[in-house]
Amino acid sequence: MSDCRMDNMSLTLVHGIPILEDCAKNWDQVELFQARPDDVLIATYPKAGTTWTSEILDMIYCEGDSEKCLRNDMYFRVPYLEFCVPGLPSGIQLLEAAPSPRLVKTHLPIHMMPESFWEKKTKVIYVARNAKDVAVSYFFFHKLVKSLPDAGPWDTFLNNYMNGHVFYGSWHDHVKGWWEKRHEYNVLYLFYEDMKENPQREIQKILHYLDRHLSDDIVEKIAQHTSFEKMKNNDTVNFKNLPSDLINHSSSSFMRKGVAGDWKNHFTVAQNEKFDEDYERKMSTTDLHFRTEI
Ligand code: PPS
C-alpha cells in the first residue's frame, strides 16, 4: 500500500487502485473475507446501478413483498463488503453477523476480489453502465458523500476519471476486467441501459441465473417497486437514514436522474471529443460495447 496524491485528492493505492484511506486500513480483513456458497454478490463500478440491482435482488428474496424490503436501510440489507468508515459498522462486520443467504455489494475490480468468492463458487451479478453517464453520476455523488475527496470543477473531475484517478480507479479496466472473466467465474453480466429499456426482461435473466421462479405478476410487482420514481421516494435506498455527518443531502440527491444519456447535458463538445478519442484507445481490444443512450 502507498500514499497517492492526485490533484487535491487523497486516496491510498491498494493493489494499484485508489481506495479511501479508511477503507484501505481494513484491507487485511477484506482479503481474508469468507464468502459462503449461497451468497449472491452484486459487483459494479460505482454509479452503475448497484442500488437498483440490490433492491431487485432483495425483492426477489422477499418474493415481491415490498413491505419486507422496507425493514432496514440498504446499507444493512445488502452490506458493502469493503466499506469501512467511522460512524458506521463496516461491511465485513455486517456480513459476518448476517444469516444466510446473504446479498453482498462490492465495487472491487476483479483482481482485488477475495479468493474465497471463487473457492466457494459464489454467484456474481455484475452490472455495467456506459462510461459517460457514470462520470456525471459519480461527479454529483462526490458532492453528496462527505468522506469522498473534493471532486473540484467538472472538467477537473472528468480528467481524473478518464485517468483512473478516482476511488476504484479506471472505469475502462473495471468493466473490461469483469467482462473478460465472466465465463471463467460464471458471472451474470448485465447493463444498466438494458435494465432501463426492459426491466422485466432483465429481472427474468436474474431469476434464471439464480435458478428461481416467480410468477409474471410478482416480476411486474418487482419492476414497479424498483422503478426510479418509486425508489426516489423510498428513504431506505436514498441514504436518508444514514448519519448526516456522512451524507450532505442539501448538495445533491442519490436518486438524481436515473436515465441513460444525461451526459449530453454536461459534456461540452470538446470534452466529448477528447473522451471519445481516449475511449477508443482504451476499449479497442475488447468486444464489450455500451449504449450511451436508449
Ligand atoms: S453507488 O453509490 O455506486 O452504489 O451508486 P449506484 O446505485 O451504483 O448508482 C446510482 C445511480 O443509479 C441510478 N438509479 C436508478 N436508475 C434507474 N432506475 C432506478 N430504479 C435507479 N436506482 C438508482 C441513480 O439515480 C444514480 O444515477 P444518476 O445518473 O446519478 O441519477
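Numbering of residues begins at 1 and proceeds along the displayed sequence. What you see is a predicted model, and the numbers here were worked out from it, not measured in a lab. As the structure lists them, so they are numbered: ligands from 1, and atoms in each ligand from 1.
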Member of Tyr209, Tyr126, Phe290 meeting the ring-ring contact (aromatic ring centres under 6.0 Å, His included) criterion with Tyr189: Tyr126
Contact partition for Glu229 relative to ligand 1, non-hydrogen atoms under 4.0 Å: neither
Check against side chain to side chain donor-acceptor pair (under 3.5 Å), Asn159 and Lys274: CA-CA 10 Å; Asn159 272 312; Lys274 186 173 165 193; 2.8 Å; yes
N or O contact, Tyr45 vs ligand 1, cut-off under 3.5 Å: no
Centroid separation Tyr185 to Phe117 less than 6.0 Å: no
Check: Arg77/Thr236 side-chain N/O donor and acceptor closer than 3.5 Å: yes
Ligand-side contact atoms (ligand 1) for residue partner Pro46, heavy atom cut-off under 4.0 Å: 3 (O)
Part of Thr226 within contact of ligand 1 (heavy atoms, under 4.0 Å): backbone
Heteroatom distance test (Phe141, ligand 1): nitrogen or oxygen, under 3.5 angstrom: no
For atom 7 (O) of ligand 1, closest protein heavy-atom neighbour: Thr51 OG1, 2.5 Å
Non-hydrogen atom of Arg129 closer than 4.0 Å to ligand 1: yes
For atom 13 (C) of ligand 1, closest protein heavy-atom neighbour: Tyr192 OH, 4.0 Å
Neighbour count above 12 (heavy atom, 6.0 Å) for Asp245 CG: yes
Under-4.0 Å heavy-atom contact with ligand 1, by part of Ala48 that carries it: backbone
Plane angle bin for Tyr45 and Tyr161 - parallel if under 30°, tilted between 30 and 60°, otherwise perpendicular: perpendicular
Check: His266 ring centroid to Phe140 ring centroid under 6.0 Å: yes
Residue pair Arg129, Asp194: steps toward the salt bridge (charged side-chain N to carboxylate O under 4.0 Å, His left out) verdict: CA-CA 9 Å; Arg129 184 183 190 185; Asp194 293 349; over 6 Å; no
For atom 28 (P) of ligand 1, the protein heavy atom that lies nearest, with its residue and separation: Ser137 OG, 3.4 Å
Which residue and heavy atom of the protein sit nearest atom 23 (C) of ligand 1, plus the separation: Met255 SD, 3.3 Å
Subset of ligand 1 atoms that lie under 4.0 Å from at least one heavy atom of His107: 1 (S), 3 (O), 4 (O)
Close side-chain approach of Leu11 to Pro149, heavy-atom, < 4.5 Å: yes
Residue pair Cys84 / Asp22: nearest heavy atoms and the distance that separates them: O-CB, 3.2 Å
Part of Glu55 with heavy atoms under 4.0 Å of ligand 1, whether side chain, backbone, both or neither: neither
Location of contacts on Met231 toward ligand 1, heavy atoms closer than 4.0 Å: side chain
Polar atom proximity, Lys196 to ligand 1 (N or O, under 3.5 Å): no
Location of contacts on Phe254 toward ligand 1, heavy atoms closer than 4.0 Å: both
Sub-4.0 Å atoms of ligand 1 with respect to non-hydrogen atoms of Thr50: 1 (S), 3 (O), 4 (O), 6 (P), 7 (O), 8 (O)
For Ser227, the ligand 1 atoms whose distance to one of its heavy atoms is below 4.0 Å: 20 (N)
Close aromatic pair by centroid cut-off 6.0 Å: Tyr75 and Tyr80: no
Residue Lys105 vicinity, atoms of ligand 1 by number, heavy atom under 4.0 Å: 4 (O)
Heteroatom proximity flag, Lys47 to ligand 1, N/O under 3.5 Å: yes
Contact (N/O only, under 3.5 Å) between Asp133 and ligand 1: no
Plane angle bin for Phe267 and Phe275 - parallel if under 30°, tilted between 30 and 60°, otherwise perpendicular: perpendicular
Lys121 NZ: over 12 foreign heavy atoms closer than 6.0 Å: no
